[in-house]
Structure formats: C-alpha cells, structure tokens
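Each remark here refers to the structure printed beneath this line.
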Amino acid sequence: MPELPEVETMIRDLTPLVVGRTIEGVEAAFPGEVIWPSFDDFVTRVRGRTITSLSRRGKYAIFTLDSGDALIVHRGMTGSLLLRRAEQAMEPHVRMVFHLAGEDELRFKDPRKFGKAYVMQSNGAERPMPWHRMGPEPLNSSFSAGLLAEALKGRRALIKPLLLNQQVVAGLGNIYVDESLFRANIHPERRANTLTDDEMVRLHQAITEVLGEAVEGRGTTFQTYTDVNGRAGNFQRRLQVFGRNGQPCPRCGTPIIKTRVGGRGTYTCPTCQRP
DNA sequence: AAGAAGTCCTGGGCGC
DNA sequence: TGCGCCCAGGACTTCT
C-alpha cells in the first residue's frame, strides 16, 4: 500500500532519472485510470513534453511538465511505477506506459486498478487540484501537535478513521496509522475529542517519527509494493504491530491482535493500547 | 456538517 | 484437484 514514505521514495529515486527527459508517447491497455481530462486529451497534453521537476503532495506524485501542466499519478493500493528499458519483457497488469526519449519507459503497473492519473494546469486554474482539501504535510517543519489538535478539534469520530482521512493529515494509510497509534499508546477506537493534550503531543511525535524512519528505510514492502527498480523497501522489518497478529508486542510481550476498525484491518497491542 | 456505510477492482488464499 | 467464495484497502459517493 503506497503511503507517504513509499511515494516519497519513488520521487527521490525517479528525480535524477527522469527530470529533463521528454515523454514521446503514452499507451494505455486500460485508459480508465485517467480521471482528467479525456484519455485523448491526456495523451495530447503529455506527448512531446519534457519533465522539469518531480514533487509530492500526500500520496500524489507530481511530474511538472515544461508546458505548465502537471502530470499527477496516484498509485492507489497496488500501483507501482517502474522504469524499464523498452526491450525488457512487459510485466503483467501494466495499465499505462510512458515512452521516454531514448530507450526507457515508465510503466504504471496496477493489478487492482485503484490508481489514478490526471493532467491539469499546475496553477489550479483549470480545476481544483486533487489535493485541494488535503490536510497538512506531516513531514513539513510546520506540522506541530497544535496543528494536529486543530485538525481534530471538535471531531467525535474514531481516531483511526480520522487519521486515514487525507483532509485531516496528508499521506497516512493503514500501515502507518496503526504503527503511529501503537507508538503513541493510543487505542484506534478512541474518540478524537477525548484525546488529552499529552496524547495529542505523543501522537504528533509518533506520526513524524514513524514516517521519518519509514522514508529513511525506503518504505514498507507488504504484499505488492516495490520501488522503481522493482526492489522491496526495508521498513517492514521495523513494523511493530502491522501484520504481526499473534506475535509478541515489542514493548510488553502481549500477543498483537487483529481487529476491524472502521472496516479496516487493525493491529494493536491489547495491553499497551487501552480503549 | 459530520459520520458511517457502500462501492470499485482483481489476485491470492482458503475451504470444501 | 479444482472450483468458487471472500478478503485486502484508498478514496470517492451515498445515506442519515
């Protein structure tokens, strides 16, 4: 599941490889992942353009083009962008291919078709950017416990679904929410408006630490995620609760349990995280 | 407005 | 052995 650290890793890997290069053509075995504009217009606006920079907002990868357009890719749950030589055998489930000048191509592999692609003016004049309602970037220095408290102020919903809501904080997904809540000793079914100031500080610190360490570790490979070269990340070795049901809590030894919170598989330590 | 539930999609795991 | 059911979840839509 590509979350903030996996997208950040991809951006860092791809930047030196594709900035300054021209996209000569686009092919789609499944054009349905292009959300805006029509697929034909998408191709017209991407073809012949040179990539001037790469950036990230939440889980969105942004390729800025020399036309002033932004090519925006969201990898959904199972999507990966792979940089391959054109002659290399095609992987299964490649939905879209961006042919670069030279013999390289960017392949958007996405088995479950949850990915999305857009081309729109970078300045937002054409239509609101996909992230226009998105919450603060948790790795920006401006993200503080106070800002987190502000985003959660007056909210009575369960803390876990709120943290998964990109309008509250950008970039968190199921893995890093569970890891952050464990690290902060907070039960995922606590109502957000019952968190104390101290818990808000711990949660803020846990989120920034977990995401920072995961970026450092080049992301988590769980089931399908790989980097642009098809290699696994490293952070799965450092997961403390996610995917570890039945295994001892690294803090107290109690077996980790798997439950359902807000319809999502959720891993907690029943001793360290009290309701 | 906010919260909760439903929806999309398909490979893989599991039960019979 | 092989078939078919069901699960996984990011973000959007629908409903209450």
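Protein chains get the first letters and strands the later ones, always in sequence-line order, with residue 1 at the start of each.
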Measure the distance from CE on A:Met77 to C1' on B:dC8 and round it to the nearest whole Å.
-> 12 Å
In terms of heavy-atom contacts, does CZ of A:Arg85 have more than 12 from other residues, nucleotides or ligands at under 6.0 Å?
-> yes
Touch class at under 4.0 angstrom, heavy-atom based, for A:Lys109 against every strand present = nothing
Counting any heavy atom closer than 4.0 Å, what does A:Gly262 reach on the DNA or RNA strands: base, sugar-phosphate only, or nothing?
-> nothing
Determine if A:Phe114 stacks with C:dG9; use a centre-to-centre distance below 5.5 Å and an interplanar angle below 30° as the criteria.
-> yes
Would you say A:Arg156 has more than 12 foreign heavy atoms packed within less than 6.0 Å of its CZ?
-> no
Quick one: are the ring centres of A:Tyr118 and A:His74 less than 6.0 Å apart?
-> no
Of the candidate nucleotides B:dG3, B:dG11, C:dC12, which contains the atom at the shortest distance from the side chain of A:His93?
-> B:dG11
Write down the distance between NZ (A:Lys116) and P (C:dT13), rounded to a whole number of angstrom.
-> 9 Å
d(CZ, A:Arg260; C1', C:dA8) in whole Å = 8 Å
Nearest-Å distance for atom pair NE2/P, residues A:His74 and B:dC9 = 17 Å
Side-chain contact check for A:Arg264: nearest option of B:dT10, C:dG9, C:dC12 is C:dG9
Between C:dA11 and A:Lys59, is there an OP1 or OP2 to side-chain N/O distance shorter than 4.0 Å?
-> yes
A:Asn165 has an atom CG; how far is it from atom P of B:dA1, in whole Å?
-> 15 Å
Is A:Arg156 near enough to B:dA2 that one of its side-chain N or O atoms lies under 4.0 angstrom from OP1 or OP2?
-> no
Verify the contact: side-chain N or O of A:Lys160 to OP1 or OP2 of B:dA4, cut-off strictly under 4.0 Å; return yes or no.
-> no
Neighbour count >12 (heavy atoms, 6.0 Å) for atom CD, A:Glu103 | no
CZ of A:Arg112 versus P of C:dA8: gap in Å, rounded?
-> 10 Å
Atom CZ of A:Arg75 and atom P of C:dA8 are separated, to the nearest Å, by 22 Å
Between A:Glu179 and A:Arg183, is there a salt bridge with N-O shorter than 4.0 Å?
-> no
Across the strands shown, which category fits A:Tyr60 at heavy-atom distances under 4.0 angstrom: base, sugar-phosphate, nothing?
-> sugar-phosphate
Provide, to the nearest angstrom, the distance between the CE atom belonging to A:Met129 and the P atom belonging to C:dA11.
-> 16 Å
